[in-house]
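Quick caveat, the model's predicted, so the values are computed rather than measured.
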Amino acid sequence: MDGSLIISNILNPPVLFFFLGMTAVFVKSDLEIPAPVPKLLSLYLLFAIGFKGGVELIKSGVTQEVLLTLLAAMLMACFVPIYTFFILKLKLDTYDAAAIAATYGSISAVTFITASAFLTELGMDFDGYMVAALALMESPAIIVGLILVNLFTIDGKREFAWKEVLQEAFLNSSVFLLVGSLVIGFLTGEHGWQVLEPFTQGMFYGVLTFFLLDMGLVAARRIKDLQKTGIFLISFAILIPILNAGIGLLLAKFIGMSQGDALLFAVLCASASYIAVPAAMRLTVPEANPSLYVSTALAVTFPFNIIVGIPLYMYGINLLWR
């Protein structure tokens with residue numbers, strides 16, 4: 001593998017600030033970002049990426065490639081939790097296996113945004129409709145995870161408040177804002193982009209950098225929870241994203257995606273949710289241990305993807321697209 005890709009990624013300011021946040025925890029600095037600020041930053045990032053995606057979508061139009069990509073995204077969002085559930089069942093009970101499987105079937109919007117920044121640094125184009133794939137992959141894994149719990153609990157008759165489940169899956173703040181921004185960007189087009197560009201583009205990388213500083217703080221604090229996961233889950237949290245990214249790249253090659261779109265699709269397949277799915281699992285599967293499904297996604301998979309995974313998947317693209 002070309003080490004220059006990893007070095008180029010690590011030397012991006014957002015990634016370096018992620019390291020700075022982790023370092024602050026390790027050296028016991030009192031650096032802390034007040035709780036409402038990270039939420040505001042995450043909402044801004046979702047708004048900005050969704051709005052830009054809508055503007056780009058109207059430029060590209062709804063082609064066969066777009067439809068195939070969205071179909072592949074939904075397929076992966078359903079397939080990943082099913083096959084990973086049976087792997088996890090080798091060591092874990094049904095509740096923990098289903099919660100972790102749902103986490104890895106869903107996505108990390110921040111990993112997607114970091115990959116977008118990586119492509120921009122490389123000067124590689126990507127299409128706005130990939131944001132629609134991001135939105136579509138958030139929710140299905142939650143539904144599949146709950147179905148697995150229902151099928152594999154001892155009595156097989158576990159009841160869920162499905163109205164609340166569906167509302168949490170499809171109307172949680174991240175999905176709602178992302179889809180809403182995508183629609184508004186699509187409706188307003190180039191005129192809307194020109195009006196909001198100073199806000200959505202000019203501030204974007206600064207906000208991403210500051211948000212990743214906070215993510216470094218949070219991830220480092222979660223590392224102690226890894227002692228409870230054992231080597232099995234740590235290995236799972238590294239190897240499964242690589243496998244999912246590989247499947248995603250093969251699908252991208254089959255569909256005929258550009259290299260930039262293929263990287264974003266691979267990152268979506270490889271990432272794990274540490275916000276939406278954990279919130280839904282706490283509500284619907286309280287028997288599952290949050291320290292397992294949150295720490296694996298946030299303290300292992302997220303750092304792995306933004307530091308090593310993104311350039312690794314780019315290297316795979318360079319090989320496949322020769």
*Asks:* Working to the nearest 0.5 Å, report the span between CG of L268 and CE of M130.
*Replies:* 5.5 Å
*Asks:* Over all heavy atoms of both residues, which pair between P81 and M76 is shortest? Give the atoms and the distance, please.
*Replies:* CD-O, 4.1 Å
*Asks:* Parallel, tilted or perpendicular for F236 and Y104, by the 30°/60° rule?
*Replies:* perpendicular
*Asks:* Might you point out which heavy atoms bring A262 and L249 nearest each other, and give the distance in Å?
*Replies:* O-CD2, 3.8 Å
*Asks:* Could you report the tightest heavy-atom contact between V277 and A99, atom names first, then the distance?
*Replies:* CG1-O, 4.4 Å
*Asks:* Please answer whether the main-chain N or O of F152 pairs with a side-chain N or O of T94 as donor and acceptor at a distance below 3.5 Å.
*Replies:* yes
*Asks:* To the nearest 0.5 angstrom, please state how far the CD1 atom of I247 sits from the OH atom of Y83.
*Replies:* 5.0 Å
*Asks:* Apply the side chain to side chain contact (heavy atoms under 4.5 Å, CB included) test between I100 and each candidate in N289, L92, I87; give the one that qualifies.
*Replies:* L92
*Asks:* Could you walk me through whether Y313 and F118 pass the ring pair (Phe, Tyr, Trp, His ring centres under 6.0 Å) test, one step at a time?
*Replies:* CA-CA 12 Å; Y313 311 147; F118 176 75; over 10 Å; no
*Asks:* Look up atom CG in D261 and atom CD in Q259, then write down how far apart they are to the nearest 0.5 Å.
*Replies:* 10.5 Å
*Asks:* Just wondering, do F112 and S271 contact through their side chains at under 4.5 Å, heavy atoms?
*Replies:* no
*Asks:* If I take atom CE from residue M257 and atom CG from residue L68, how far apart are they, to the nearest 0.5 angstrom?
*Replies:* 8.5 Å
*Asks:* So if you build clusters from Ile, Leu, Val, Met, Phe, Trp, Tyr with side-chain heavy-atom gaps below 4.5 Å, do L319 and L312 land together?
*Replies:* yes
*Asks:* Indicate, with yes or no, if F26 and F18 share a hydrophobic cluster defined by side-chain heavy-atom contacts under 4.5 Å among Ile, Leu, Val, Met, Phe, Trp and Tyr.
*Replies:* yes
*Asks:* Closest heavy-atom contact between G105 and A141?
*Replies:* C-CB, 3.5 Å
*Asks:* Tell me whether F86 at atom CZ has more than 12 heavy atoms from other residues, nucleotides or ligands lying less than 6.0 Å away.
*Replies:* yes
*Asks:* So, taking the atom named CG in D96 and the one named CE in M281, what distance separates them when rounded to the nearest 0.5 Å?
*Replies:* 11.5 Å
*Asks:* Would you say that F302 contacts L212 through its side chain, given a criterion of any heavy-atom pair below 4.5 Å between the two side chains?
*Replies:* yes
*Asks:* Is it true that the side chains of N12 and Y205 contain a donor and an acceptor less than 3.5 Å apart?
*Replies:* no
*Asks:* Do Y129 and T63 have side chains that approach each other closer than 4.5 Å (heavy atoms only, starting at C-beta)?
*Replies:* no
*Asks:* With a 3.5 Å distance limit and no angle check, can you tell me whether D93 reaches the backbone of Y95 through a side-chain donor-acceptor pair?
*Replies:* yes
*Asks:* Taking everything shown except F47 itself, do over 12 heavy atoms lie less than 6.0 Å from its CZ?
*Replies:* yes
*Asks:* Where do S258 and D127 come nearest, in terms of heavy atoms and distance?
*Replies:* OG-OD2, 4.4 Å
*Asks:* For atom CD of Q64, decide whether the heavy atoms of other residues, nucleotides or ligands shown that lie under 6.0 angstrom number more than 12.
*Replies:* no
*Asks:* Say whether, by atom type as modelled, one donor and one acceptor occur between the side chain of K253 and the main chain of L320 under 3.5 angstrom.
*Replies:* yes
*Asks:* For D214 and V37, what are the C-alpha separation, side-chain angles and deciding distance, and is it a side-chain contact (heavy atoms from CB on, under 4.5 Å)?
*Replies:* CA-CA 9 Å; D214 178 68; V37 175; over 6 Å; no
*Asks:* So N305 and V267, side-chain contact (heavy atoms from CB on, under 4.5 Å) or not? Walk me through it.
*Replies:* CA-CA 8 Å; N305 273 330; V267 165; 6.0 Å; no
*Asks:* Using a 3.5 Å distance criterion without hydrogens, assess whether the side chain of S106 forms a donor-acceptor pair with backbone atoms of A102.
*Replies:* no
*Asks:* Of all heavy-atom pairs between A219 and A299, which one has the smallest distance, and what is that distance?
*Replies:* O-CB, 3.8 Å
*Asks:* T84 and I240: side-chain contact (heavy atoms from CB on, under 4.5 Å), yes or no, with the steps?
*Replies:* CA-CA 8 Å; T84 54; I240 290 298; 3.9 Å; yes
*Asks:* Do T301 side-chain atoms and A237 backbone N/O form a donor-acceptor pair below 3.5 Å?
*Replies:* yes
*Asks:* Less than 4.5 Å apart, any side-chain heavy atom of T188 and any of V195?
*Replies:* no
*Asks:* Below 4.5 Å, heavy atoms only, C-beta onward: do I33 and L217 meet side chain to side chain?
*Replies:* yes
*Asks:* Hey, any chance L75 and L250 share a hydrophobic cluster, counting ILVMFWY side chains that come within less than 4.5 Å of each other, even indirectly?
*Replies:* no
*Asks:* Could you measure the distance from the CG atom of L134 to the CG atom of L70? Nearest 0.5 Å is fine.
*Replies:* 11.0 Å
*Asks:* Linking I/L/V/M/F/W/Y whenever their side-chain heavy atoms sit closer than 4.5 Å, directly or via other members, would F232 and L298 fall into one cluster?
*Replies:* yes
*Asks:* Any side chain to side chain donor-acceptor pair (under 3.5 Å) involving residues 25-35? Give me the pairs, sequence neighbours left out, ordered by first then second residue.
*Replies:* none
*Asks:* Let me know which of L57, L46, L264, L178 forms a side chain to side chain contact (heavy atoms under 4.5 Å, CB included) with V131.
*Replies:* L178
*Asks:* Verify the cluster assignment for F211 and L40: are they in a single hydrophobic cluster under the rule of side-chain heavy atoms below 4.5 Å apart?
*Replies:* no
*Asks:* Would you confirm whether the ring centroid of Y44 sits within less than 6.0 angstrom of the ring centroid of F210?
*Replies:* no
*Asks:* Measuring only between side-chain heavy atoms, which start at C-beta, is T200 closer than 4.5 Å to W193?
*Replies:* yes
